[in-house]
Undergrad: 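Right, I'll just put the structure down here and ask away after.
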Amino acid sequence: MALTFEEMRSNKGSMGYLLTALEKLNTNKADNRFWTLSVDKAGNGYAVIRFLPPTPNEDVPFIRMWNYSFQNPVTGKWYIENSPSTIGLPDPVTEDNSRLWNSNIEENKKLASTRIRKTSFIMNIYVIEDPVNPSNEGKVFLFKAGKKIFSKIEAAAHPEFKDEKEVDMFCLWTGADFKLKARNEDKRRNYDRSEFSAQKPLVANDDKDASRAREIHEQCYSLQEFVKPGNFKSYEELKAKFEEVTGTVIPKSSNSERLKDLPHRVKDDVGEDESAPFITTKEVKHTKLPKVDDDSDDINYFNKLAED
């Protein structure tokens, strides 16, 4: 059940809802609600942001989405689509990648590796410092993050050492500012040097500043819209696009057969089924959580399929 503002304030520091969200992770094309980091000609950029808690009507502060983006090197055609596996539905690319990987033919496995599924996360942020666009400061935006950035949030919730405590970086009071640092490395954007500052309230935890905290919280955007079925093309539409781009004809199979072979249906180390995009706070289990998969998570799934 989603927390009211008063419940969230009185339970600050509680890890329940965050641990739940990390157990079941689930972007749409950017719009003017999204904030992006500006970089200079060298590809370097810096800003300070704060990750925000769930909206009053939602249980988790982020969603995970999968998408495919690859090019046919012969024809030059691109396949760029959100994957319906995000919401537990069959995806023709995932299906064909599974077929290629399970063939145990190196050439096929190499081809599947060029079509790996990418992971991204959408969440609400508060911009504290934006040197290039100071007009963004003090405002709430949506933010699309990759696995590298999200792993730093996850690391705070999964401390490695006994003298470190679990931290909910989405909390207005017990979280911390995030210094987002970008640089170019091998012609790719790198965020390794990004880091959290020391824990501190975004606003003071007293009645005087409670109205400001409430104002920030109420400006957060709903995330559920990004996982509505209408945001994903049908299996047949995606199949036609995939066959047009790759020249591959996917054989017909029953829906149950597709679901059985889809990588996103494979059980993880704790036996949970990743097909469901969310679980509610009623189902919270206060246990350590497994690490989420890397951006190229299909490879891990394919390996599990091969082992099975």
Side-chain angles (χ1 to χ4, degrees), residues 25-31 63-122 144-148 186-189 226-268 273-275 277 292-308:
L25 300 174
N26 280 357
T27 208
N28 234 4
K29 295 180 180 178
D31 54 36
I63 59 169
R64 177 179 65 182
M65 288 191 67
W66 284 312
N67 79 291
Y68 285 101
S69 176
F70 57 85
Q71 183 183 32
N72 184 326
V74 178
T75 65
K77 294 182 178 180
W78 279 89
Y79 182 97
I80 304 175
E81 299 289 348
N82 286 332
S83 173
S85 63
T86 297
I87 55 175
L89 297 177
D91 185 311
V93 185
T94 307
E95 179 179 306
D96 197 60
N97 276 351
S98 294
R99 177 185 64 81
L100 292 171
W101 196 266
N102 288 331
S103 71
N104 288 322
I105 299 174
E106 286 305 314
E107 185 176 349
N108 287 349
K109 294 172 73 173
K110 185 178 296 184
L111 177 57
S113 297
T114 66
R115 303 172 180 172
I116 55 178
R117 187 174 56 179
K118 303 296 192 303
T119 305
S120 60
F121 302 85
I122 295 179
K144 177 182 176 182
K147 181 61 181 72
K148 178 67 69 174
D186 296 327
K187 297 182 180 181
R188 299 187 66 178
R189 188 71 56 81
F226 297 103
V227 289
K228 288 181 178 179
N231 287 329
F232 301 87
K233 293 181 180 178
S234 70
Y235 180 89
E236 293 304 324
E237 288 178 297
L238 295 174
K239 178 176 179 290
K241 179 66 177 294
F242 176 74
E243 292 178 344
E244 175 191 350
V245 170
T246 65
T248 299
V249 177
I250 299 177
K252 292 183 178 180
S253 59
S254 69
N255 197 51
S256 60
E257 289 175 331
R258 292 194 203 120
L259 289 176
K260 180 181 68 176
D261 292 333
L262 283 177
H264 73 274
R265 301 289 296 187
V266 175
K267 304 288 184 178
D268 63 23
D273 189 340
E274 292 194 2
S275 62
V292 299
D293 296 319
D294 200 355
D295 288 349
S296 54
D297 56 359
D298 273 349
I299 298 301
N300 296 325
Y301 283 128
F302 293 153
N303 284 327
K304 290 180 182 179
L305 284 174
E307 290 172 0
D308 292 343

Undergrad: So how far is it from Trp101 CH2 to Thr94 OG1, rounded to the nearest 0.5 Å?
TA: 14.0 Å

Undergrad: Do Ser83 and Arg117 have side-chain N/O donor and acceptor atoms under 3.5 Å apart?
TA: no

Undergrad: Rounded to the nearest 0.5 Å, how far does CG of Leu100 lie from NZ of Lys110?
TA: 13.5 Å

Undergrad: Between Tyr79 and Phe70, how do the two ring planes meet: parallel, tilted or perpendicular, split at 30° and 60°?
TA: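 The rings of Tyr79 and Phe70 lie parallel, inter-plane angle below 30°.
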
Undergrad: Can you tell me if Asn97 uses its side chain to pair, donor with acceptor, with the backbone of Arg115 under 3.5 Å?
TA: yes

Undergrad: Looking at every non-hydrogen atom in both residues, tell me the closest pair between Thr75 and Val245 and how far apart they are.
TA: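 Shortest heavy-atom separation between Thr75 and Val245 comes out as OG1-O, 3.9 Å.
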
Undergrad: Which residues pass the side-chain contact (heavy atoms from CB on, under 4.5 Å) test with Lys228, not counting sequence neighbours?
TA: Glu225, Asn231

Undergrad: Taking the side chain from Asp91 and the backbone from Val93, do they hold a donor-acceptor pair closer than 3.5 Å?
TA: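 Yes, Asp91 side chain to Val93 backbone: donor-acceptor pair under 3.5 Å.
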
Undergrad: Calculate, to the nearest 0.5 Å, the distance between atoms CD and OG belonging to Glu81 and Ser69 respectively.
TA: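 It comes to 10.0 Å.
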
Undergrad: Drop me the distance from Ile80's CD1 to Lys241's NZ, to the nearest 0.5 angstrom.
TA: 7.5 Å

Undergrad: Please evaluate residues Glu95 and Tyr235 with respect to the criterion side-chain contact (heavy atoms from CB on, under 4.5 Å), reporting the C-alpha separation (whole Å), side-chain torsions for both, the decisive distance (0.1 Å), and the verdict.
TA: CA-CA 11 Å; Glu95 179 179 306; Tyr235 180 89; 2.9 Å; yes

Undergrad: Okay, side chain of Thr86, backbone of Trp66: is any donor-acceptor separation there less than 3.5 Å?
TA: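 Here the side-chain-to-backbone pair exists.
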
Undergrad: Mind checking what makes side-chain contact (heavy atoms from CB on, under 4.5 Å) contact with Gln71, not counting sequence neighbours?
TA: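 Residues passing side-chain contact (heavy atoms from CB on, under 4.5 Å) with Gln71: Trp78.
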
Undergrad: Is the backbone of Phe232 close enough, under 3.5 Å, to the side chain of Asn82 for a donor and an acceptor to pair up by distance?
TA: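 No, Asn82 side chain to Phe232 backbone: no donor-acceptor pair under 3.5 Å.
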
Undergrad: If you round to the nearest 0.5 Å, how far is CD of Glu106 from CG of Leu111?
TA: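 Rounded to the nearest 0.5 Å, the CG-CD separation comes to 12.5 Å.
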
Undergrad: Can you list the steps and then say if Arg99 with Thr248 is a side-chain contact (heavy atoms from CB on, under 4.5 Å)?
TA: CA-CA 12 Å; Arg99 177 185 64 81; Thr248 299; 4.1 Å; yes

Undergrad: With a 4.0 Å cut-off on N to O distance, would you call Lys239 and Glu243 a salt bridge?
TA: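 Answer for the salt bridge query: yes.
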
Undergrad: Could you pull out the closest heavy-atom pair between Pro84 and Pro90, with the gap in Å?
TA: CG-O, 3.2 Å

Undergrad: I need the Phe226 CZ to Ile87 CD1 distance, nearest 0.5 Å.
TA: 14.0 Å

